[in-house]
Amino acid sequence: MSKHAIIHFPEFRHQGPALVLAAFFFLGHFLGVLLSGSASQHFFSAMRTAVSSRVSIIGLLSSVVLPFVFSAAAVYLGRPVLLFPIAFWKAFLFSYLGSGLCSAWGSAGWLMMPLVMFGSLCSMPVLYWYWMRSVAGHRFEIGVCCAIFGILLAVWAVDYYLIVPFLAGIITF
């Protein structure tokens with residue numbers, strides 16, 4: 001008589017790189033929030049000032065596309081182990097700045113953070129999917145890279161042409 005299990009748990013030995021990626025990613029988020037909470041008042045005043053300043057096309061584009069360019073280069077060079085520090089730093093900077101914006105704007109932080117960080121917020125799932133795919137053993141594919149690059153450019157365009165003017169319109173000093 002054979003045993004049939006209703007629930008099949010995945011074997012963890014096959015998910016080693018995915019678990020390491022998740023650990024680096026969540027460690028980056030944790031440390032970003034932790035260090036942002038211990039920042040000085042100068043940091044929070046800079047957060048308030050940054051929201052009311054002009055937005056550079058290059059700066060906005062680099063915050064959305066640059067992590068993917070580094071990730072694609074690591075996969076192209078056959079070094080997917082470089083994705084771990086890239087994921088850590090992306091998560092760290094995202095959480096550090098997001099937590100700082102929420103703290104700086106007080107009760108309006110829940111609104112300001114997603115509007116200011118719209119590009120990073122929307123690109124994070126796409127990047128994480130690419131990182132998971134790459135550490136699972138998939139090689140560099142130009143078609144996948146072009147599709148992801150197109151998605152990230154669409155996120156950038158929505159951010160620059162819709163979100164930034166909306167944010168400028170609702171901020172009154």
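Please read all numbers here as calculations on a predicted model, not as lab measurements.
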Requested in this report: Give the minimum heavy-atom separation between D159 and P165, together with the two atoms involved.
Outcome: O-CD, 4.5 Å
Report summary line: On a heavy-atom basis, the closest approach of P114 and G109 is CD-O, 4.1 Å
Query - Flag side-chain contact, heavy atom, 4.5 Å: F92 against L35 - result: yes
Query raised in the report: Do I171 and M112 have side chains that get closer than 4.5 Å, going by heavy atoms?
Result: yes
Query raised in the report: Does the pair I170 and L111 meet the rule for a side-chain contact (heavy atoms from CB on, under 4.5 Å), with working shown?
Result: CA-CA 11 Å; I170 64 171; L111 177 65; 4.2 Å; yes
Query - Nearest heavy atoms of A87 and L21, plus distance in Å - result: CB-CD1, 3.6 Å
Report task. Please confirm whether F25 and F88 have ring centers closer than 6.0 angstrom. Result -> no
Report task. Check the pair L61, L153 against side-chain contact (heavy atoms from CB on, under 4.5 Å), reporting the backbone distance first and the verdict last. Result -> CA-CA 8 Å; L61 186 62; L153 284 179; 3.7 Å; yes
**Report entry** Donor-acceptor under 3.5 Å (S120 side chain, M117 main chain)
**Finding:** no
Query raised in the report: Nearest heavy-atom pair of C145 and A72: which atoms, and what distance?
Result: SG-CB, 4.2 Å
Query raised in the report: Does a side-chain heavy-atom distance below 4.5 Å link F84 with V135?
Result: yes
Query raised in the report: So do F118 and V158 actually touch side chain to side chain, heavy atoms under 4.5 Å?
Result: yes
Query - W156 CH2 to F149 CZ distance, which is reported to the nearest 0.5 Å - result: 10.0 Å
Query raised in the report: Under a 4.5 Å cut-off applied to non-hydrogen side-chain atoms, are W110 and W105 in contact?
Result: no
Query - OH/Y128: more than 12 non-hydrogen atoms of other groups inside 6.0 Å - result: yes
Query raised in the report: What's the shortest heavy-atom distance between S134 and P80, and which atoms?
Result: O-CB, 4.2 Å
Requested in this report: For the residue pair F68 and V126, establish whether any side-chain heavy-atom pair is separated by less than 4.5 Å.
Outcome: no
**Report entry** side-chain contact (heavy atoms from CB on, under 4.5 Å) between V33 and Y96, intermediate numbers included
**Finding:** CA-CA 5 Å; V33 171; Y96 186 77; over 6 Å; no
**Report entry** Distance, nearest 0.5 Å, that separates CG of L31 from OG of S95
**Finding:** 9.5 Å
Query raised in the report: Could you give the distance from OG (S123) to CG (L152), rounded to the nearest 0.5 Å?
Result: 6.0 Å
Query raised in the report: Can you list the steps and then say if S99 with M113 is a side-chain contact (heavy atoms from CB on, under 4.5 Å)?
Result: CA-CA 8 Å; S99 181; M113 191 278 289; over 6 Å; no
Query raised in the report: With the 4.5 Å side-chain cut-off for hydrophobic clustering, are I58 and L66 part of the same group?
Result: no
Query raised in the report: Roughly how far apart are S63 OG and L93 CG, rounded to 0.5 Å?
Result: 11.0 Å
Report summary line: Taking every heavy atom of V164 against every heavy atom of L60, the minimum-distance pair comes out as CG2-CD2, 4.3 Å
Report task. Evaluate the side-chain proximity of R133 to V144: yes if any heavy-atom separation is below 4.5 Å, no if none is. Result -> yes
Report task. Identify whether L82 and L127 are in the same connected component of the hydrophobic contact network (ILVMFWY, side-chain heavy atoms under 4.5 Å). Result -> no
